[in-house]
Amino acid sequence: MLDFISQPWHWSVSGAMIAFVMFLLIYFGQRFGVSSSFRALCSIGGAGGVASYFNYDWKSHDWLLTFIIGAVIGGGLAIHFLGSPNPVQISEATVNDLAALGVSTPRTTSEGLGFIPHDLMNFENLASLKGIIIMVLGGFLIGFGTRWAGGCTSGHAITGLSNLQLPSLVAVIGFFIGGLLMTHLLLPIILNL
Amino acid sequence: MRLLKYLLTGILFGIVMTKSEAISWFRIQEMFRFQSFHMYGIIGVAVVAGVLMHLWIKRGGLKNSNGEAIQFADKPKTYMASLLGGTLFGLGWAMTGACPGPLYTLVGHGYWIILVVIASALFGTFVYGLLRSKLPH
């Protein structure tokens with residue numbers, strides 16, 4: 001059984017499990033949307049003193065903050081006890097495209113597990129323009145963009161689309177406009193810096 | 001105790017994010033390059049199952065764990081915010097290879113560098129809060 005769930009899961013199993021997580025949160029009287037936690041954390045940090053957006057009862061999100069603590073623990077449990085024997089198996093076409101951009105894809109676990117690109121995301125790279133753009137600007141855009149859009153992948157792409165919300169469809173179209181623009185036009189420039 | 005169920009649900013979520021490989025920077029690159037069906041399969045199955053679940057709950061009148069009827073709130077019809085904010089998020093998603101849920105999960109893997117991305121995201125949300133009244137929604 002443990003061997004079975006230690007393999008990478010088929011996409012259909014993964015998709016069904018994500019829907020199950022959404023169901024549990026709905027059943028508990030909440031809604032599945034992770035990026036709201038950024039607002040709550042800013043509010044806890046005292047941002048309500050300078051912007052009214054953060055002046056709300058963050059305790060109404062205590063369940064979400066507990067959920068993300070769980071996500072951290074779950075990630076640790078999964079990687080230590082249910083880890084796959086091989087790195088993430090990426091398609092040959094992507095491996096070649098990334099190699100052309102100077103990013104190597106791990107083929108053995110000694111090279112990495114295939115979760116984060118060690119060539120790009122490491123503490124030394126925080127001293128380079130390229131590293132700052134990818135990690136700091138990239139993070140900034142996630143925080144700014146998800147709150148402006150009113151949701152991220154969980155709140156819009158999964159929850160919103162499931163409930164046939166037109167604003168969520170527009171947001172997901174935005175996610176892809178940004179993602180395609182970055183992947184095909186901007187990333188090659190950034191990685192050459 | 002009220003919060004324990006959320007901790008357990010979060011742990012399940014972290015495991016699902018890891019085993020689905022949806023938290024992999026490389027999987028996100030594959031998705032935006034249309035070179036694998038993997039991410040489309042995950043999101044597609046989650047959405048189809050989610051649509052059926054919403055229909056089932058609405059028809060069947062399922063009560064939540066507090067015994068109340070489940071109500072679904074509509075997303076605010078702020079289309080400009082959805083499109084423009086969504087596009088900015090998409091730029092960040094393709095750079096860091098992670099959306100908010102995966103960011104937290106990756107910290108659990110022990111990738112401390114991701115804390116820099118999370119801190120930057122919190123700063124991004126803070127700046128959004130400052131500029132909110134000046135942005136189109």
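This one's a predicted model, so the numbers in the text were calculated from it and none came from an experiment. Each chain gets a letter, A, B and so on, in the order the sequences are listed, and its residues count up from 1. Hydrogens, waters and symmetry mates are skipped; everything else that's a heavy atom, side chains included, is used.
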At a heavy-atom separation under 4.5 Å, does B:F13 approach chain A through its side chain, its backbone, both, or neither?
both

Heavy-atom pairs under 4.5 Å with chain A: which of B:A49, B:G129, B:G124, B:S133 has the most?
B:G124

Which portion of A:L161 sits near chain B, non-hydrogen atoms under 4.5 angstrom
both

Please classify the contact of A:I18 with chain B as side chain, backbone, both or neither, using a heavy-atom distance under 4.5 Å.
both

Aromatic ring pairing B:Y6/A:W63, orientation class (parallel under 30°, perpendicular over 60°, tilted between)
tilted

Segment of B:P76 engaging chain A (4.5 angstrom heavy-atom cut-off)
backbone

For B:K63, is it the side chain, the backbone, both or neither that has a heavy atom under 4.5 Å from a heavy atom of chain A?
backbone

Part of A:S35 lying under 4.5 Å from any heavy atom of chain B:
both

Non-hydrogen atoms of chain A under 4.5 Å away: do they reach the side chain of B:L52, the backbone, both or neither?
neither

When the 4.5 angstrom heavy-atom criterion is applied to A:I190 and chain B, the contacting part is side chain

Checked B:S20, B:G50, B:S24 vs chain A; the most non-hydrogen pairs under 4.5 Å come from B:S24

Turns out that what part of A:V95 lies under 4.5 Å from chain B's heavy atoms comes down to neither

With distance as the sole criterion, is a donor-acceptor pair present between the side chains of B:T78 and B:H137 under 3.5 Å?
no

Contact part of A:S84 toward chain B, heavy-atom cut-off under 4.5 Å: side chain, backbone, both or neither?
both

When you look at CZ of A:F28, are more than 12 heavy atoms from neighbouring residues, nucleotides or ligands closer to it than 6.0 Å?
yes

Need one label for B:I23: side chain, backbone, both or neither, based on atoms under 4.5 Å from any heavy atom in chain A.
both

Does any heavy atom of chain B fall under 4.5 Å from the side chain of A:L101, the backbone, both, or neither of them?
side chain

When the 4.5 angstrom heavy-atom criterion is applied to B:R27 and chain A, the contacting part is both

Assess whether a salt bridge exists between B:R33 and B:E30, defined as any Lys/Arg side-chain N lying under 4.0 Å from an Asp/Glu carboxylate O.
no

Choice from A:A51, A:G83, A:S52 maximising heavy atom contacts with chain B below 4.5 Å
A:A51

At a heavy-atom separation under 4.5 Å, does A:I133 approach chain B through its side chain, its backbone, both, or neither?
both

Checking B:K19 side chain against A:L82 main chain: does a donor-acceptor pair fall under 3.5 Å?
yes

Pick from B:G101, B:G44, B:G97 with the largest number of heavy-atom pairs that fall under 4.5 Å of chain A:
B:G101

Regarding B:Q29 and A:D97, is there a side-chain donor-to-acceptor distance under 3.5 Å anywhere?
no

Please tell me if the side chains of A:F115 and A:I79 come closer than 4.5 Å, counting only heavy atoms from C-beta onward.
yes

Would you mind checking which part of A:H10 comes under 4.5 Å of any heavy atom in chain B, side chain (CB onward), backbone (N, CA, C, O), both or neither?
neither

Below 6.0 angstrom between ring centroids: does that apply to A:H184 and B:F32?
no

Does any heavy atom of chain B fall under 4.5 Å from the side chain of A:L164, the backbone, both, or neither of them?
side chain

So salt bridge (charged side-chain N to carboxylate O under 4.0 Å, His left out) across residues 74-95 of chain A, not counting sequence neighbours, yields A:E92-A:R107

Report, as yes or no, whether the 6.0 Å neighbourhood of atom OH on B:Y79 holds more than 12 heavy atoms from other residues, nucleotides or ligands.
yes

By a 4.5 Å heavy-atom criterion (distance strictly below it), what part of A:L77 contacts chain B: side chain, backbone, both, or neither?
side chain

Look at B:A22, B:P102, B:S36, B:A73 and state which one has the largest set of heavy-atom pairs under 4.5 Å with chain A.
B:A73

Residue part contacting chain A, namely of B:I28, when any heavy atom lies under 4.5 Å
neither

Residue among A:V50, A:L137, A:L98 with most heavy-atom pairs under 4.5 Å to chain B:
A:L98

Do the two ring centres, one from A:W148 and one from B:F89, sit under 6.0 Å apart?
no

May I ask you to decide if A:N125's main-chain N or O and A:S128's side chain share a donor-acceptor pair within less than 3.5 Å?
yes

For the CD1 atom of B:I42 and the CH2 atom of A:W11, what is their distance to the nearest 0.5 Å?
9.5 Å

Please check if any side-chain donor atom of A:Y53 sits under 3.5 Å from a side-chain acceptor atom of A:R147, or the reverse.
yes

Top contributor to chain B interface from A:C152, A:G151, A:A157, A:S43 [non-hydrogen pairs under 4.5 Å]:
A:C152

B:A98 versus chain A, heavy atoms under 4.5 Å apart: side chain, backbone, both or neither?
backbone

Pick one of side chain, backbone, both or neither for B:L106, based on which atoms fall under 4.5 Å of a heavy atom in chain A.
side chain

Just so I understand: if I count every heavy-atom pair under 4.5 Å between each of A:G145, A:P167, A:A171 and chain B, which residue has the most?
A:P167

Max heavy-atom pair count under 4.5 Å with chain B, selected residue of A:I73, A:L41, A:L24, A:L166:
A:L166

What part of B:L4 lies closer than 4.5 angstrom to a heavy atom of chain A: side chain, backbone, both or neither?
neither

Donor-acceptor pair between A:S37 and A:H61 side chains, under 3.5 angstrom
no

Heavy-atom cut-off 4.5 Å, strictly under: side chain, backbone, both or neither for A:F54 against chain B?
side chain

In terms of heavy-atom proximity below 4.5 Å to chain B, should A:N122 be classed as side chain, backbone, both, or neither?
backbone

A:F140 ring center near B:F123 ring center (under 6.0 Å):
yes

If I measure from the heavy atoms of chain A, does B:L55 come under 4.5 Å with its side chain, its backbone, both, or neither?
neither

Heavy-atom nearest pair, B:Y104 first then B:I118, reads CD2-CD1, 4.0 Å

Contact leader toward chain B among A:I26, A:L126, A:I177, where contacts are heavy-atom pairs under 4.5 Å:
A:I26

Exactly one of A:T146, A:I142, A:T153 should register a side-chain contact (heavy atoms from CB on, under 4.5 Å) with B:C99. Which one does?
A:T153

Between A:T94 and B:Q35, does any side-chain donor sit less than 3.5 Å from a side-chain acceptor?
yes

Which value, rounded to the nearest 0.5 Å, describes the distance between B:S65 atom OG and B:K5 atom NZ?
5.0 Å

Please look at A:F81 and chain B and tell me whether the side chain, the backbone, both or neither of the residue comes under 4.5 angstrom of a heavy atom of that chain.
neither

